[in-house]
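Because the structure is a prediction, the values reported are computed rather than measured. Positions are given from 1 along the sequence.
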Amino acid sequence: MMFRLPSARLVVVSALMGVLSLGAQHAEAQKYITAAGVRLGKDNFGVTVQQRIYSKGTLEGIGIIRNREASITVLAEHHFGLLGRSLNYYAGAGGHLGTEKNHGGFGGLDGILGLEYKVAFLPIDLSLDVKPSVEIGHSEDWFRVPTAFSIRYVLIKEKNTGLFDRVFGDDKKSKRKKKDKNSSRKGLFDF
């Protein structure tokens, strides 16, 4: 009997599902409002912009260039705190439109499942995700499951979340934080 090693996609999906099974905390999910950067996959690269629209939700725009095609994706994502707000996982859905050099336009529906880490003391956000998509009007593929790694620069950070803001904050904010302290717990990676 011969054993085969699992594919990289299967390993990523299994790891993400394991992280999801650990459970989530009730806290705001991320420590920034707007972030933009690059997205790197096996056979594609692009740009990504995330904008927080409510305490645990973001809209993400992704522009991707592949061999002989380009596409734009918009996703609504819900973030779940994992070991605090610096490390979280997210899930969402959306759609995309694109063009292929030889066959013209196409579109489709997307899902996303990812793990995100806001680097402590730096305006950098790292994420790893799997983004399955159903293609409509694409000549070669009708279903894809790409994985990608994104590096984003935090353009607009959440106010008063830094170490010094907690130490030197004003009285109103410190009273509010004391009140909120009972409602949310700090995680292992929160500074």
### Task
Starting at CD1 of Ile62, measure out to CD1 of Ile72 and round the result to the nearest 0.5 Å.
11.5 Å
### Query
Given side chains that start at C-beta, do those of Arg66 and Ser71 come closer than 4.5 Å, heavy atoms only?
yes
### Query
Is there a path from Ile64 to Leu97 through hydrophobic residues (I, L, V, M, F, W, Y) whose side chains come within less than 4.5 Å of each other?
no
### Task
Indicate, with yes or no, if Leu87 and Phe149 share a hydrophobic cluster defined by side-chain heavy-atom contacts under 4.5 Å among Ile, Leu, Val, Met, Phe, Trp and Tyr.
yes
### Task
Please lay out, stage by stage, how His96 and Ser133 fare under the test side-chain hydrogen bond (donor to acceptor under 3.5 Å, both in side chains).
CA-CA 9 Å; His96 66 273; Ser133 62; 5.0 Å; no
#### Entry: Smallest separation among heavy atoms of Gly94 and Leu75, with atom names
N-CD2, 3.6 Å
### Task
Report yes or no: do Val74 and Ile136 belong to one cluster of Ile/Leu/Val/Met/Phe/Trp/Tyr joined by side chain heavy-atom distances under 4.5 Å?
no
## Note on the structure
By salt bridge (Lys or Arg N to Asp or Glu O under 4.0 Å), Glu135 pairs with (sequence neighbours left out) Arg144
### Message
Quick check for you: to the nearest 0.5 Å, what is the distance between Lys131 atom NZ and Ile112 atom CD1?
### Response
7.0 Å
### Task
List for me each residue that meets side-chain hydrogen bond (donor to acceptor under 3.5 Å, both in side chains) alongside Thr48, sequence neighbours excluded, and say none if there are none.
Glu60, Arg152
### Query
If every non-hydrogen atom of Leu128 is compared with every non-hydrogen atom of Tyr90, which pair is closest and at what distance?
O-OH, 4.4 Å
### Query
Do you know which two heavy atoms are closest between Asp129 and Ser150, and how far apart they sit?
OD2-OG, 4.5 Å
### Query
What is the minimum heavy-atom distance between Ala36 and Leu155, and which atoms define it?
CB-CD1, 3.9 Å
### Task
Applying side chain to side chain contact (heavy atoms under 4.5 Å, CB included), run through Ser86 and Tyr117 and close with a yes or a no.
CA-CA 5 Å; Ser86 292; Tyr117 176 65; 4.1 Å; yes
### Query
Once you round to the nearest 0.5 Å, how far does CG of Leu126 lie from CD of Glu116?
9.0 Å
#### Entry: Nearest-0.5 Å distance, OG1 of residue Thr34 to OH of residue Tyr153
12.5 Å
### Query
Nearest 0.5 Å, what's the OH-NE2 distance between Tyr54 and His79?
8.5 Å
### Query
In terms of hydrophobic clusters joined by side-chain contacts under 4.5 Å, are Val134 and Leu113 together?
yes
### Task
Please answer: with hydrophobic residues joined when any side-chain heavy atoms are less than 4.5 Å apart, are Leu109 and Val130 in the same cluster?
no
### Task
Would you name the heavy atoms of Asp110 and Thr73 that are closest together and state the gap between them?
OD1-CG2, 3.8 Å
### Identified side-chain hydrogen bond (donor to acceptor under 3.5 Å, both in side chains) counterpart of Tyr32 within the set Gln50, Arg52, Lys118, Glu158
Gln50
#### Entry: Nearest heavy atoms of Asn44 and Pro146, plus distance in Å
ND2-CB, 4.5 Å
### Task
Any chance you could measure Asn102, atom CG, to Arg68, atom CZ, to the nearest 0.5 Å?
4.0 Å
